[in-house]
Amino acid sequence: MPDLSDTIFGEMTYPGRSAMRSVRVSGRRAGKVLERLFSSKTDPLEKPRSAVKGFLKSIDGLLLDSVVAIAFPAPDSFTGEDCVEFHCHGSEGVIRGLCSSLSSMGLRQALRGEFSYRAFLAGKITTEEAESLAVLIQAETAIEAHAAAASSSSGVHKRFVLLREKILDLRAKWEARIDFPEDVPQAGSKQWRKELSAVFTEVGAVKERAKRSRPVRDGFRIAIFGAPNSGKSSLFNCLLGKERAIVTPHAGTTRDMIEEKLDIDGIPMVFQDMAGARMHGEKIEKVGIGKALQSAEKADAVLFLFDGRKGWQSNDQEALSLLSRKPFLILATKKDLFKKKNFNINGKILEISNKTGEGVEALIKKLKEWGRRNLPREGLLLLSQRQENSLNRVEEYLREAEKALNISGDELIAAEMVKEALFEMDRFLLSSSTEEIYDLIFSSFCVGK
Ligand SMILES: Nc1nc2c(ncn2[C@@H]2O[C@H](COP(=O)(O)OP(=O)(O)OP(=O)(O)O)[C@@H](O)[C@H]2O)c(=O)[nH]1
Ligand SMILES: [Mg+2]
């Protein structure tokens, strides 16, 4: 837990060569910093929240840089404390000179996420906004960033407060019936189940929205599936632009699944290369193949590959029949080794060469269009892994309550489980201790955040 009485500083920009670099100071001594290290015609404190041009000096009075300083007096600042920002030229020497001067003045380098943590303590941001901020910082692609930004304002918090209220109502109603049987109207078992099922519906709706939003957070999972030797690993490497997977002329080369995330024009996609699917007698041959099949079933889309030079063979048909879903696309590989062919299968086939790259652009275009169509546009609910786990536990407790009502008709146990679900919900909304919050959320941030 950081000491909150310290005045802290941290670089807001990414360290390295760039046009601009910025340092933020927060705490009681921010005004002192301006007095000691900054000189200008206008005092930034007299023009709060305005950019003031001036000169930055080191603690020894050496001129460091001509900079812009902005003062944000408390409470109208990001952290709710007195804050100052220095926007400097992108020079390592300037930043080093400024930071060592701040240390000499007794200020402390901020811990990861400490600015946001202070903002949270001052009631400037909710924990849900902080978690969206964490997703935003880690967002790798344009669409992820857009979505994370959208979700911070699209009411994750509101949705969960609402869900919590429903669970709280249920708990209050049930406990009143149990504790004050004379004063409160009683209900039959059908009524208990009905009330519980209304809460389940709400949990289900939240989970469904979170599920639809998941590809935005983690990327669409695209399984590369097909019979052995069909060119799966070669396509995987071709898409990545590097030799990530082992390719050999022998069937059965890939055993374990590997995956890599790619940014397809701002759409995050995780490509999965896996073992070739084949049957051995009646059984799926090896563990690797079982795993491949499972991954393909769980993926958001399947690319089904076959060796176009050999044409559609019985082993391809067999591999396809293992899948319970329709592939997004069927790809005939090794186009460099065959001329136009009429493959004897239904549906449109895209011919590609992993060697020359022919057809790969068309494949990417189709994936991009598909990704765009399948990205959730509205009602985005981006949950962090922590929030998702918490929601699953809430559901488990409710499931236990349902079991208690259905199997033994035990209303006491059911009420107890609803109480647990409510505790979990409270944890979710983080009415737990502030130290825990720091550990859970803010410690994963970068220093200047
Ligand atoms: N000429 C040509 N050869 C290809 C192409 N794609 C794959 N190959 C060759 O086909 C053989 C098998 O390719 P892999 O990518 O290892 O096939 P795989 O589907 O991953 O095979 P398993 O991991 O064994 O299931 C290798 O010799 C590749 O060089 C292609 O588009 N053109
Ligand atoms: Mg392979």
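As a basis for the values below, the full set of heavy atoms in this structure was taken, side chains included, without hydrogen atoms, waters or symmetry mates. Just follow the structure's listing: the first ligand is 1, and inside any ligand the first atom is 1.
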With a 3.5 Å cut-off and sequence neighbours excluded, list the donor-acceptor pairs that the side chains of residues 219-232 form with protein atoms.
from : atom 1 : to   : atom 2 : distance (Å)
R221 : NH2    : K298 : O      : 3.3
N229 : ND2    : P249 : O      : 3.0
S230 : OG     : A227 : O      : 2.7
K232 : NZ     : A227 : O      : 3.0

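Remark: E297 does not engage R325 in a salt bridge, criterion side-chain N to carboxylate O under 4.0 Å.
The tally of protein N/O/S atoms under 2.8 Å from the Mg ion (ligand 2) stands at 2.
Side-chain contact between L367 and F328 is present, with at least one heavy-atom pair separated by less than 4.5 Å. Side chains of W370 and L329 form no contact here, defined as non-hydrogen atoms less than 4.5 Å apart.
Annotation: ligand 1 has protein neighbours P228, N229, S230, G231, K232, S233, S234, V247, T248, P249, H250, A251, G252, T253, T254, G276, K334, D336, L337, S353, N354, K355, each with a heavy atom less than 4.0 angstrom from the ligand.
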Task: Candidate pair C88 and L56, rule side chain to side chain contact (heavy atoms under 4.5 Å, CB included), full reasoning - done: CA-CA 9 Å; C88 318; L56 184 70; 4.3 Å; yes
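Looking at D65, its side chain never comes within 3.5 Å of a backbone N or O of V94 through a donor-acceptor pair. Between the side chain of T333 and the backbone N or O of F306, at least one donor-acceptor pair lies under 3.5 Å.
For the 3.5 Å distance criterion, the side chains of T79 and S26 qualify, holding a donor opposite an acceptor.
The ring pair (Phe, Tyr, Trp, His ring centres under 6.0 Å) test applied to F423 returns no partner, not counting sequence neighbours.
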